[in-house]
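Here the structure is laid out as structure tokens; the discussion comes afterwards.
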Number of protein chains: 2
Amino acid sequence: MNITQAADAAGLPVKTVRYYDDIGLVNAGRGENGYRVYTDDHVHKLRFLQRSRGLGFSLTDCRQLLSLYEDQNRESADVRALALQRLEDIDHKLRELGSLRSTLAELVSSCHGDDRPDCPILDDLAAGK
Amino acid sequence: MNITQAADAAGLPVKTVRYYDDIGLVNAGRGENGYRVYTDDHVHKLRFLQRSRGLGFSLTDCRQLLSLYEDQNRESADVRALALQRLEDIDHKLRELGSLRSTLAELVSSCHGDDRPDCPILDDLAAGK
DNA sequence: CTAGAGCTTCCAGCGACTGGAAGGTCAAGG
DNA sequence: CCTTGACCTTCCAGTCGCTGGAAGCTCTAG
């Protein structure tokens with residue numbers, strides 16, 4: 001199958017699939033005409049990537065995940081460790097975003113938002129705390 | 001004051017301060033020796049940037065915020081709108097991260113994490129759902 | 001006078017794509 | 001058979017917000 005079919009099947013943009021080929025993440029075959037040729041197995045990996053990326057794994061993580069996936073003798077502990085690390089990252093980000101949210105929300109609620117020039121949001125940003 | 005003092009006072013890396021000068025966000029003066037010269041007002045703006053960036057505003061947002069900040073006749077509604085937009089972005093991201101977290105957490109808890117080759121995490125990633 | 005810290009510019013690279021130009025290939029319709 | 005237009009190729013450049021490093025100038029302390 002050609003790249004567009006594969007990309008559609010995996011839920012990825014064509015450009016991204018080409019990019020994954022370029023960086024050796026999913027190496028497509030080539031037809032006589034020079035077109036990339038994708039098999040179901042390729043699509044499978046692409047979808048794997050689509051999903052992993054969606055879960056916030058970096059391409060480096062994905063490369064590792066993919067090789068673990070292909071290694072019949074891998075230990076599931078390896079994958080678990082990677083996932084746990086990502087979970088920690090996510091929790092950290094959640095905390096950060098949460099405190100960010102409350103700061104911003106407080107600023108917004110203290111701003112009357114009319115046509116007068118004074119604005120508590122800017123004042124606060126300027127004050128720097 | 002020189003760039004290092006200014007950067008320290010604003011809580012930013014020197015490189016970043018130079019970068020902000022390059023892109024015209026905070027244009028420093030120049031001394032006879034060619035060194036950038038920063039005033040308290042510059043530091044004030046740098047700190048403003050440090051804080052806005054920390055709240056997740058893009059440099060484009062920051063540029064706008066900064067010009068609103070300097071505009072004596074601005075309407076506070078403009079700033080408020082920007083902040084509200086950011087707040088929405090944050091909420092969106094929080095929701096996304098939350099569902100991500102629960103997916104990952106579920107995967108992790110279903111993985112025994114030993115030295116056997118079967119791993120529910122990889123299986124799930126591969127299945128694509 | 002010398003050493004080392006601090007400043008300058010410029011260039012390159014990060015991650016993960018994305019857009020666009022220039023050109024080859026294929027399938028369908030006239 | 002020819003044209004049209006969709007699809008494919010490569011390559012180069014740009015995105016965002018820095019960050020690192022090299023080469024070279026300036027300043028300060030001993």
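Naming: A, B, ... by sequence-line order, numbering from 1 per chain. Just so it is clear, the model here is predicted, and its values are computed rather than measured.
- With a 4.5 Å cut-off on side-chain heavy atoms, B:L12 and B:Y19 do not count as touching.
- Residue A:Y35 places a side-chain atom within donor-acceptor reach of the base of C:dG24, judged by atom type and a 3.5 Å distance cut-off alone.
- Checking the phosphate oxygens (OP1, OP2) of C:dG15, no side-chain nitrogen or oxygen of A:T60 falls inside 4.0 Å.
- Following rounding to the nearest Å, B:Y20 (OH) and D:dG17 (C1') show an atom-to-atom distance of 7 Å.
- The 12-atom threshold is exceeded at CD of A:Q5, counting heavy atoms of other residues, nucleotides or ligands nearer than 6.0 Å.
- Protein atom CG of B:N33 is 15 Å distant from nucleotide atom C1' of C:dT9, rounded to whole Å.
- In this structure, NZ of B:K15 is placed 10 Å from C1' of C:dA12, rounded to the nearest angstrom.
- If you measure from atom CG of A:D21 to atom C1' of C:dA16, you get 16 Å, rounded to the nearest angstrom.
- In the set D:dT9, C:dA16, D:dC8, the nucleotide with an atom closest to the side chain of A:R36 is D:dT9.
- Listed nucleotides: D:dT9, D:dC18, C:dC7. Nearest to the side chain of A:I3: D:dT9.
- Atom pair B:E32:CD and C:dT8:C1' shows a separation of 16 Å (rounding to whole Å applied).
- The nearest whole Å value for the distance from the CZ atom in B:R30 to the P atom in C:dC7 is 12 Å.
- Among the atoms of the strands shown, base atoms are found under 4.0 Å from some heavy atom of A:R18.
- The distance from atom CG of B:L49 to atom P of D:dC16 is 16 Å, rounded to the nearest whole Å.
- A:R86 has no carboxylate O lying under 4.0 Å from a charged side-chain N of A:D61, or vice versa, which leaves the two without a salt bridge.
- As rounded to whole Å, 12 Å separates atom C1' of D:dA6 from atom CG of A:N2.
- Between B:Y19 and D:dC16 there is no side-chain N or O to OP1 or OP2 distance below 4.0 Å.
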